[in-house]
Novice: 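This is the structure I have questions about; it appears just below.
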Amino acid sequence: KLDIARLNLGIALFYGGNADAAQKEILGARASMPDRPQPDYLLGLINRGTGQTAEALEAFTRVEKLDRDDVGTAINLGQIYRQERKFPEAVAAFRRALAGAPFNATAAYGLANTLVLAGNADEGREAQECLPSRPRSHVVHILAQGAHRAAVAARLQHVEQPRCTQARV
């Protein structure tokens with residue numbers, strides 16, 4: 001479809017250094033696919049990359065409304081909230097990300113770091129101890145986040161979960 005081509009062009013333009021043209025293409029695609037999260041996710045990335053934090057927050061919030069379980073969106077929201085020193089919101093976002101992807105190192109580090117910054121040093125240290133240390137398992141969980149999540153998750157029932165995900169993290 002033309003909309004997907006416009007999204008891909010927007011990505012290429014952004015990585016080619018033309019954020020304005022990228023945003024124009026993605027906004028055009030979003031107009032014809034308002035119920036899809038991809039345009040807003042890309043707008044969120046572009047806005048974060050160009051220092052437009054408020055616009056990035058708006059874009060990722062729209063994605064979250066369309067797909068509450070999207071791990072990348074939760075991580076981006078957590079990072080934005082942490083940057084704005086909205087620690088309770090950041091902690092909640094990182095915990096949502098970890099609920100969907102327990103081996104995600106970015107989410108785990110974000111949670112631990114945010115807890116420390118928020119003044120919860122003990123809980124932050126505990127969360128730091130839970131940082132994923134098995135990259136192979138991390139890759140398997142990334143794969144489980146895709147379109148075949150249920151099939152991959154069924155095969156992963158034997159994979160040991162991080163010891164702290166059952167606790168507070």
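All residue numbers refer to positions in the sequence shown, counting from 1.
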Novice: Enter the distance from D70:CG to Y41:OH here, rounded to the nearest 0.5 Å.
Specialist: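 OH of Y41 is found 6.0 Å from CG of D70.
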
Novice: Have R48 and Q79 got a donor and an acceptor in their side chains that come within less than 3.5 Å?
Specialist: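 A pair is found: one side chain offers a donor N or O, the other an acceptor, under 3.5 Å apart.
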
Novice: I'd like to know if I75 and L57 are part of one continuous hydrophobic network [Ile/Leu/Val/Met/Phe/Trp/Tyr, side-chain heavy atoms within less than 4.5 Å].
Specialist: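 Result: no, two separate clusters.
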
Novice: Is there a path of hydrophobic side-chain contacts, each under 4.5 Å between heavy atoms, that joins I80 and L111?
Specialist: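 Looking at the clustering, L111 is in a separate group from I80.
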
Novice: Measuring from I46:CD1 to I26:CD1, what's the distance to the nearest 0.5 Å?
Specialist: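 Rounded to the nearest 0.5 Å, the CD1-CD1 separation comes to 3.5 Å.
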
Novice: Can you tell me how far CG of L98 sits from CZ of F103, rounded to the nearest 0.5 angstrom?
Specialist: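 With rounding to 0.5 Å, CZ (F103) is 11.0 Å from CG (L98).
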
Novice: Kindly check if the number of other-residue, nucleotide or ligand heavy atoms within 6.0 Å of CZ (R62) is above 12?
Specialist: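 Counting other residues, nucleotides and ligands, CZ of R62 exceeds 12 neighbours.
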
Novice: Could you measure the distance from the CD atom of Q83 to the CG atom of L117? Nearest 0.5 Å is fine.
Specialist: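 The CD atom of Q83 sits 12.0 Å away from the CG atom of L117.
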
Novice: A side-chain contact here means heavy atoms from C-beta on lying under 4.5 Å apart; do Q128 and L115 qualify?
Specialist: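 Q128 does not reach L115 side chain to side chain.
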
Novice: Between V116 and G124, which heavy-atom pair has the shortest distance, and what is it?
Specialist: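 Shortest heavy-atom contact: CG2-CA, 3.8 Å.
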
Novice: Check this for me, if you would: do R6 and D3 make a salt bridge, where the nitrogen-to-carboxylate-oxygen distance has to be below 4.0 angstrom?
Specialist: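 No salt bridge links R6 with D3.
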
Novice: Tell me if a side-chain donor or acceptor on N120 pairs with a main-chain N or O of E123 at a distance below 3.5 Å.
Specialist: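 No, N120 side chain to E123 backbone: no donor-acceptor pair under 3.5 Å.
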
Novice: For the residue pair Q23 and N47, confirm or rule out a side-chain donor-acceptor distance under 3.5 Å.
Specialist: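 Side-chain D/A pair, Q23 to N47: present.
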
Novice: Find the distance between CZ (F94) and CG (N113) and round it off to the nearest 0.5 Å.
Specialist: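 Atom-to-atom, F94:CZ and N113:CG are 7.5 Å apart.
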
Novice: Output the distance between atom CD (E89) and atom NZ (K86), rounded to the nearest 0.5 Å.
Specialist: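 If we round to the nearest 0.5 Å, E89:CD and K86:NZ are 6.5 Å apart.
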
Novice: Could you tell me which non-hydrogen atom of L42 sits nearest to which non-hydrogen atom of L7, and how far apart they are?
Specialist: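 It is CD1-CD2, 3.8 Å.
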
Novice: Do L13 and I4 land in one hydrophobic cluster if side-chain heavy atoms of ILVMFWY residues count as linked below 4.5 Å?
Specialist: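 Different clusters: L13 never reaches I4 through Ile, Leu, Val, Met, Phe, Trp or Tyr contacts under 4.5 Å.
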
